There are 2 protein chains.
Amino acid sequence: MEELYEPLDEETLFIVSQTFKALSDPTRIRILHLLSSGEFSVTEIANRLSLLQSTVSHQLRFLKNLRLVKYRREGTTLYYSHDDEHVLHILEQTIRHARDH
Amino acid sequence: MEELYEPLDEETLFIVSQTFKALSDPTRIRILHLLSSGEFSVTEIANRLSLLQSTVSHQLRFLKNLRLVKYRREGTTLYYSHDDEHVLHILEQTIRHARDH
DNA sequence: TCAATATATGAATATATGCTCATATAAGTT
DNA sequence: AACTTATATGAGCATATATTCATATATTGA
């Protein structure tokens, strides 16, 4: 019933907090949630979510640094998609949980 | 394979972001992780985690507001324990995931 | 090479956040 | 009531964060 307690080491604590920090901002949540349905260019994301291109780009860099998203290039266009099944699963799980009030 | 996309309404977005915000701070993570193994008083938490009583009390209030923890009183002592299986499960899951590098 | 389009970046700003200190409150004990 | 112990609270401060604006970079095509 109760979990076994093991104090968290610095590195684990950092990774865990960074991961959840990525999921704690409404803009990043919306971006990741959109990317859960496929790949989109920066401009497409900005249009779909009514955000500035710059805002989207900044947040995608944040997510990219944590390897939560990846992209492929096609000409001048970068198509972004998610790159962490575990984190995406947690997000979608929590969204469903929240929607049940 | 891909999830069905449904734009997030304001309320869901707020709940989800608040939930992850609770898990995005190292101090709150340590407190919740400790509480995953049982109930502890404010002073015990502070001692175990080498934090000031005030710091712990502030963070417990934060977690209490989100109903992630609850307490029972015994004299002047308040014993805190976790109060959200779903969130605790996500935390422990992510800790295990992070520990595997 | 120049223009057009897509994206990234840096600085500035406003706001949010976490910690600490000092102090308040609450319950139990004498 | 006074004292002790446990916890809560508010103000102040330092830092972190998200957004915006202006501009830089990169790729393609004429």
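Chain A is the first sequence line, chain B the second, and so forth, proteins listed ahead of strands; every chain is numbered from 1. None of the values given here were measured: they were computed from a predicted structure.
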Exercise. Sequence neighbours left out, what pairs pass ring pair (Phe, Tyr, Trp, His ring centres under 6.0 Å) with at least one residue falling in residues 29-54 of chain A?
Key: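 Only His33(A)-Tyr5(B) qualify under ring pair (Phe, Tyr, Trp, His ring centres under 6.0 Å).
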Practice problem: Would you grab the first and last nucleotide of DNA chain C (5' to 3') that comes under 4.0 Å of any non-hydrogen atom in chain A? | Solution: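 Nucleotide range with atoms under 4.0 Å of chain A: dA6(C) to dG10(C).
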Exercise. Tell me which residues in residues 67-77 of chain A put a heavy atom below 4.0 Å from DNA chain C, sorted by number, or none.
Key: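 Within residues 67-77 of chain A, the residues near DNA chain C are Thr76(A), Thr77(A).
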Quiz item: In residues 46-59 of chain B, which residues come under 4.0 Å of DNA chain C by heavy atom?
Solution: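 Output list: Leu52(B), Ser54(B), Thr55(B), His58(B), Gln59(B).
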Exercise. Please collect all side chain to side chain donor-acceptor pair (under 3.5 Å) contacts where either partner lies in residues 13-23 of chain B, sequence neighbours excluded, each pair once.
Key: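 Non-adjacent pairs meeting side chain to side chain donor-acceptor pair (under 3.5 Å): zero.
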Self-check item: From CA spacing to verdict: side-chain contact (heavy atoms from CB on, under 4.5 Å), Val16(A), Leu91(B)
Solution: CA-CA 8 Å; Val16(A) 172; Leu91(B) 175 60; 4.0 Å; yes
Partners of [X] by side chain to side chain contact (heavy atoms under 4.5 Å, CB included), sequence neighbours excluded?
X	result
Tyr71(B)	Lys64(B), Leu78(B), Tyr80(B)
Thr76(A)	none
Glu6(A)	Arg99(B)

Distance-only donor-acceptor hits, side chain of residues 44-53 of chain A, under 3.5 Å, sequence neighbours excluded:
from	atom 1	to	atom 2	distance (Å)
Glu44(A)	OE1	Ser41(A)	N	2.8
Asn47(A)	ND2	Thr43(A)	O	3.4

Nearest-angstrom distance from the residue atom [atom1] of [X] to [atom2] of [N]:
X	N	atom1	atom2	value
Ile45(B)	dA6(D)	CD1	P	14 Å
Leu60(A)	dT19(D)	CG	C1'	15 Å
Asp25(B)	dA16(D)	CG	C1'	12 Å
Gln18(A)	dT17(D)	CD	C1'	12 Å
Leu23(A)	dA18(D)	CG	P	12 Å

Quiz item: Do you reckon Phe62(A) sits in the same ILVMFWY cluster as Ile29(A), going by side-chain contacts under 4.5 Å, direct or chained?
Solution: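 Same cluster: Phe62(A) reaches Ile29(A) through Ile, Leu, Val, Met, Phe, Trp or Tyr contacts under 4.5 Å.
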Quiz item: With a non-hydrogen cut-off below 4.0 angstrom, is Tyr79(B) in contact with a base, only sugar-phosphate, or nothing?
Solution: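 The answer is nothing, as Tyr79(B) stays clear of every strand by at least 4.0 Å.
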Self-check item: Arg72(A): partners by salt bridge (Lys or Arg N to Asp or Glu O under 4.0 Å), with sequence neighbours left out
Solution: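 For Arg72(A), the residues satisfying salt bridge (Lys or Arg N to Asp or Glu O under 4.0 Å) (neighbours in sequence not counted) are Glu39(A), Glu74(A).
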Quiz item: side-chain hydrogen bond (donor to acceptor under 3.5 Å, both in side chains) with Thr94(A): which residues, sequence neighbours excluded?
Solution: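 By the side-chain hydrogen bond (donor to acceptor under 3.5 Å, both in side chains) rule, Thr94(A) matches no residue at all.
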Self-check item: Counterpart residues, ring pair (Phe, Tyr, Trp, His ring centres under 6.0 Å), relative to His58(A) (two or more places apart)
Solution: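 Not a single residue meets the ring pair (Phe, Tyr, Trp, His ring centres under 6.0 Å) criterion with His58(A).
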